[in-house]
Number of protein chains: 2
Amino acid sequence: MALEIEKLLDETGWRLLMELQENGRLSYKELGLRVGLSLPSVAERIRKMEEAGIITGYHAEVDLTKIGFSVLSILRLGSFAGENCSRVADLASAVPEVLECYKITGNDCVVIKVVTCSMPHLEQVIEQLSRFSIVSTSIVFSRPMKNRIITRELLERAQAVQE
Amino acid sequence: MALEIEKLLDETGWRLLMELQENGRLSYKELGLRVGLSLPSVAERIRKMEEAGIITGYHAEVDLTKIGFSVLSILRLGSFAGENCSRVADLASAVPEVLECYKITGNDCVVIKVVTCSMPHLEQVIEQLSRFSIVSTSIVFSRPMKNRIITRELLERAQAVQE
DNA sequence: TATGAAATAACCCTAGA
DNA sequence: TCTAGGGTTATTTCATA
């Protein structure tokens, strides 16, 4: 980890980062109260974390089910013999229902997360993907853990392994 | 989709939702400029979308690599013969390095996303998970698509399938 | 539209190099 | 003495009723 980033992520830096992961719309004033800094100091720290690339953005989280996307799936894509995995990933990413795409190790070289509003809709998406890859489909029943926030404890635990 | 939600997601509602998915810290004033509404109208609309459960939160996005988590993996977990998949999901969710957990259809009944700062660290996490499940590990090379935002076009495309 | 709250910018203070 | 980090205040901008 770069020295610059190490300096930004002291006790206070981590607390700000954790608060913003949980609630990205907290005011600088409120953040200041929670971590014991004045408003301008909070603003300055957060600006630096953004500049350093620690914080890459803020996003509203949408309840997919509520707005009609009742079927969430995770698909593994394999490439046809001798085909390029990068191409599979690019073609898959171009499908609008694909919300996330990972290029991974292993025989199935791509994993994607797909939202659809019904089973026929999912079927249609799979048909599309099947044109250029071998598709293994898993439908999501539930999500016991969604987007856990990154904490200082996790990083310290991680670094302790490095013995 | 509930009627209440349908009413909130008209042209303007969708534009607000898209802007907030892209930048969750935009001010109401700025949002108003972008969608052509007054500040109070924007505030009211967003409050309603939050109350209706369309928007479930706002979160800062953190660059994992920047802060030292250089290894991202996707693991599939199978349960031992006759064991409970729910238990596998719960135990996996309890591991701090697990950022996301999905219960899915298929033989491998759980998929998890794991962050680690090194290969030895990943190895240690896998050892832990192996105590209660059969682990298949894939390391992520890259992410061609990360958290695509939900758009009205996608929903309309989806609903068109329902013929 | 009016009122209060929050963000910004300019400035000062302190501590450490 | 210079710099970095934080605080203070005044002004502007934003949010709420």
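Lettering of chains follows the sequences in order, A, B, ..., and the numbering in each one begins at 1. Note that the coordinates shown come from a computational prediction; the quantities given were computed from them, not determined experimentally.
Contact annotation: A/Arg45 reaches the phosphate of D/dG6 (side-chain N/O to OP1 or OP2, under 4.0 Å). Distances shorter than 4.0 Å separate some side-chain N or O of A/Lys48 from OP1 or OP2 on D/dG5. Between A/Ser41 and the phosphate of D/dG7, there is a side-chain N or O to OP1/OP2 separation shorter than 4.0 Å.
Here D/dA4 presents its P atom at 14 Å from CD of A/Glu51, a figure rounded to the nearest Å. Remark: C1' of D/dC14 and CZ of B/Arg47 are 18 Å apart, rounded to the nearest angstrom. The CG atom of B/Leu39 sits 17 Å away from the P atom of C/dA5 (whole-angstrom rounding). As rounded to whole Å, 13 Å separates atom C1' of C/dA6 from atom CZ of A/Arg25. Rounding to whole angstrom units, CG of residue A/Leu33 and P of C/dA6 are separated by 9 Å. Across the protein-nucleic acid pair, A/Glu44 atom CD and C/dA7 atom P stand 15 Å apart, rounded to whole Å. Rounding to whole angstrom units, CE of residue A/Met49 and C1' of D/dG5 are separated by 14 Å. At whole-Å resolution of the value, CD in A/Glu11 and P in D/dG5 are 17 Å apart.
With A/Arg148 contributing its side chain and B/Ser93 its backbone, the two residues share a donor-acceptor pair below 3.5 Å. Judged by distance alone, the side chain of B/Arg25 and the main-chain N or O of A/Gly57 form no donor-acceptor pair under 3.5 Å. A/Arg87 places no side-chain N or O within donor-acceptor distance of the main-chain N or O of A/Phe132, the cut-off being under 3.5 Å. Distance alone, capped at 3.5 Å, is enough to place a donor-acceptor pair between the B/Gln21 side chain and the B/Ile150 backbone.
For A/Pro40, counting side-chain heavy atoms from C-beta on, the closest listed nucleotide (C/dA7, D/dT9, D/dG5) is D/dT9. In the set D/dC14, C/dT8, C/dA6, D/dC14 carries the atom at the smallest distance from any side-chain atom of B/Lys29. In the set D/dG5, D/dA15, C/dA7, D/dA15 carries the atom at the smallest distance from any side-chain atom of B/Tyr28. Side chain of A/Leu37, nearest nucleotide from C/dA7, D/dT8, D/dG6: D/dG6.
For A/Arg47, the CZ atom is densely surrounded, since the number of other residues' heavy atoms within 6.0 Å is greater than 12.
Closest-nucleotide positions on DNA chain D for B/Ala43 and A/Ser38 were compared, and the one nearer the 5' end corresponds to A/Ser38.
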